[in-house]
Amino acid sequence: MKTKAAVILVLLSLVALLLPKPVAAARLTLSPTQGIVGSGVSIINIASYGTGQYQVLWGESRQVIAQGSTTGLANVGFTVPESARGKQKVFLTVGGNAYDGEFTVLPSIRLDAREGYVGNSVIIRGNGFNANETGIAVTFGGTAIASGIVSDRLGNWQATLKIPPARGGSVTVDAGSATTPALEVDDRVFTVIPRIEINPAAGGVGTLVMVTGSGFGSAETGINIVYDGVRVKTGIASDGNGSWQGNFYVPTSAKGGHRITCYGDVTGEALVAGVSFSVSPVMKLELASGQLGDVIRVGDDFWASGIGFESNEGGIQVTFDGVLIASGITADARGTWAVQLKVPLTSRGKHVVDAAGNTTRAVDVADGTLIVSPQMEINPASGGVGTEVTVRGNGFSSSQPLMVSYDGMQVASGQSTDTRGSFSLTFKVPKGKSGDHTVTVTDATGSVALATFKTETSPPPVPKLVAPEAGSKFGMVGPAVVAFKWTAVEDPSGVSYVLEISGSPEFTGAMLRKDGIEKTEYTLTREEALPDGSYYWRVRAVDGAGNESGWTTGQLFKIGGEWWIFAVILAAVVMLALIIWRVVSLSRRGWR
């Protein structure tokens with residue numbers, strides 16, 4: 001047993017002599033000795049540390065960040081892994097030897113884009129900040145645009161930035177906090193590119209387009225908007241951040257895309273990314289006489305214009321509520337055309353005018369709209385009472401009952417419009433005053449049209465007095481009833497008469513007036529009997545329209561006899577009575 005133990009001790013001693021002796025960890029030299037996460041670090045002349053398999057370990061956790069064989073290598077490199085800000089341990093093991101060193105991690109930021117437009121979203125990442133650091137803020141051109149950021153345990157963080165309004169060119173992006181000064185963080189540069197945006201991006205000729213510019217020079221002047229190479233707006237100036245707004249109306253141009261660009265006194269046109277405005281065809285309607293918005297009726301002339309069609313497009317047709325009203329039209333080189341038309345027979349309300357060509361579809365054309373109002377005419381437009389008047393109208397609502405009134409009095413009803421809102425009817429002019437009268441036609445939906453009928457204003461002839469004749473006498477004693485007659489007067493509207501009786505030849509304070517006498521005579525009633533005296537009478541004619549003739553000349557007549565006639569008669573009666581009495585007396589004596 002002792003012999004075996006001695007042999008084992010001898011063998012172990014030999015093995016110990018053959019194995020390399022362990023070396024205490026020596027100082028490791030790195031190049032560089034500080035840097036940011038992701039940067040490269042070298043261990044120069046690796047052979048001086050030993051040969052064989054090697055490993056590079058990082059931090060207190062001994063994270064393996066590089067390994068391999070030193071064979072054929074002059075230097076060994078590694079990349080700084082994600083780590084918190086400050087000094088980090090670096091370990092190297094090679095050929096049984098161990099070394100350590102220190103590397104100082106510096107804070108850094110990086111952007112996922114180096115250039116872009118105002119309003120773009122950009123991701124910014126931070127590395128090498130303190131573990132769980134709070135209050136980190138990002139500045140853009142010196143102005144904070146993100147704050148309250150917190151790093152993780154390895155000092156990493158991430159934020160999404162929206163590029164704020166800024167002048168065009170290079171702008172510094174930085175980050176920091178109360179514990180990590182921004183001065184320790186290498187800046188990044190973001191290049192703001194000038195650009196324009198438009199709203200809307202499509203529409204017809206004449207559309208008002210708003211243009212917004214950003215990334216131009218600070219307070220830049222002389223900015224121009226260019227449409228297909230032609231300046232359409234000038235004299236625009238940007239604000240201190242290089243932003244501005246302007247607008248223009250799309251000029252006459254053919255269907256399709258049209259390039260819009262800009263330039264200013266500082267910003268050249270080549271630096272600005274152009275945008276495209278898509279012209280779509282539209283219909284434009286104008287009254288041949290007046291302007292759109294005025295009352296439009298069936299039969300009125302109007303211009304239909306097409307804008308934004310294909311250059312020199314042929315086969316263009318115009319429809320009214322889907323019905324063809326014009327064809328064979330050809331656009332010019334700018335895609336425009338025009339044709340004069342009449343509003344066809346149609347009902348009241350909104351109607352669509354559309355167009356299409358060989359290449360332009362009707363569904364692609366912005367429709368035009370006409371709002372048709374009702375109208376009517378009467379024939380004849382003047383005449384007397386009883387005249388039969390024909391009323392024709394169109395532009396009313398379709399298949400609706402109608403009412404016709406004359407100065408507000410209903411004169412016809414029970415008829416309706418046809419399916420296209422048209423009608424024809426008649427009525428007779430009722431009695432009324434002469435002059436202008438309003439004829440109104442209304443349908444059940446509220447469609448209304450007016451016309452004027454003028455009744456004649458010629459007075460009827462003056463009648464002639466027949467009886468009593470001038471100087472006629474009536475009665476002896478007490479009131480007398482008198483019968484009056486005159487000649488007839490003719491008028492298409494009918495005639496009535498007015499009789500006046502007065503004790504004055506001037507007819508002041510007439511004693512009796514009778515209106516509306518239909519015949520050519522009038523006899524006083526017992527209640528109207530005239531007492532003794534001298535009287536004058538006259539007559540005038542009034543036609544159905546209220547026109548009055550002149551008065552006849554007043555004619556004298558008397559009621560009662562002269563006093564001396566009564567005296568003579570009385571004396572004669574007395575004498576006759578005496579004579580009769582005398583004869584009777586003598587006769588009686590002779591008989592005796």
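Keep in mind it's a predicted model, so treat the numbers as computed, not measured.
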CA sep, side-chain torsions, deciding dist, call: S397, S447, side chain to side chain donor-acceptor pair (under 3.5 Å): CA-CA 7 Å; S397 298; S447 303; 3.3 Å; yes

How about [X] and [Y]: do any of their side-chain heavy atoms sit closer than 4.5 Å?
| X | Y | result |
| --- | --- | --- |
| T79 | I65 | no |
| Y49 | N97 | no |
| F78 | L30 | yes |
| F140 | L161 | no |
| F129 | T179 | no |
| E60 | K89 | yes |
| V272 | I196 | yes |
| I43 | Y54 | no |

Salt-bridge test for [X] and [Y]: reply yes if a basic N is under 4.0 Å from a carboxylate O, no otherwise.
| X | Y | answer |
| --- | --- | --- |
| R27 | D100 | yes |
| E184 | R85 | yes |
| R361 | D364 | yes |

Looking at every heavy atom in both [X] and [Y], which two are closest together, and how far apart are they?
| X | Y | value |
| --- | --- | --- |
| S170 | T191 | OG-OG1, 4.0 Å |
| F396 | A449 | CZ-CB, 3.6 Å |
| V365 | A355 | CG2-O, 3.3 Å |
| S347 | S398 | CB-N, 4.1 Å |
| S177 | G135 | CB-O, 3.5 Å |
| S108 | I36 | CB-CG2, 3.5 Å |

N/O donor-acceptor pair under 3.5 Å between [X] side chain and [Y] backbone:
| X | Y | value |
| --- | --- | --- |
| D321 | V352 | yes |
| T70 | G52 | yes |
| E220 | T267 | yes |
| S238 | G217 | yes |
| E313 | N358 | yes |
| S218 | G240 | yes |
| Q375 | V298 | yes |

As an exercise, state the distance from [atom1] of [X] to [atom2] of [Y], rounded to the nearest 0.5 Å.
| X | Y | atom1 | atom2 | answer |
| --- | --- | --- | --- | --- |
| I325 | L341 | CD1 | CG | 4.5 Å |
| N199 | L208 | CG | CG | 10.0 Å |
| Q34 | K87 | CD | NZ | 8.0 Å |
| R231 | T261 | CZ | OG1 | 11.5 Å |
| N132 | R153 | CG | CZ | 9.0 Å |
| I296 | D301 | CD1 | CG | 12.0 Å |

Stepwise, does the side chain to side chain contact (heavy atoms under 4.5 Å, CB included) test hold for I225 with I260? CA-CA 7 Å; I225 302 174; I260 300 174; 4.0 Å; yes

Test side chain to side chain donor-acceptor pair (under 3.5 Å) on D265 and T221 and set out the steps. CA-CA 6 Å; D265 290 343; T221 58; 2.8 Å; yes

side-chain contact (heavy atoms from CB on, under 4.5 Å) partner of [X], chosen from [options]:
| X | options | answer |
| --- | --- | --- |
| S48 | I46, I44, N45 | N45 |
| H258 | V279, V275, V250 | V279 |
| R188 | V171, I124, L111 | L111 |

For L57 and Q55, run side chain to side chain contact (heavy atoms under 4.5 Å, CB included): C-alpha distance rounded to whole Å, both residues' side-chain angles, the deciding distance at 0.1 Å, then the answer. CA-CA 6 Å; L57 310 175; Q55 282 189 332; 4.1 Å; yes

Hydrogens and angles aside, do Y227 and S253 bring a side-chain donor and acceptor to less than 3.5 Å of each other? yes

Side chain to side chain donor-acceptor pair (under 3.5 Å) between D443 and T445, worked out: CA-CA 6 Å; D443 70 23; T445 66; 2.8 Å; yes

Flag if over 12 foreign heavy atoms under 6.0 Å of CZ, R420: no

What verdict does the side chain to side chain contact (heavy atoms under 4.5 Å, CB included) test give for V37 and V105, after you've listed the backbone C-alpha separation in whole Å, the side-chain angles of each residue and the deciding distance to 0.1 Å? CA-CA 7 Å; V37 171; V105 176; 4.1 Å; yes

Stepwise side chain to side chain contact (heavy atoms under 4.5 Å, CB included) check, W58 with V90: CA-CA 5 Å; W58 181 270; V90 180; 3.6 Å; yes

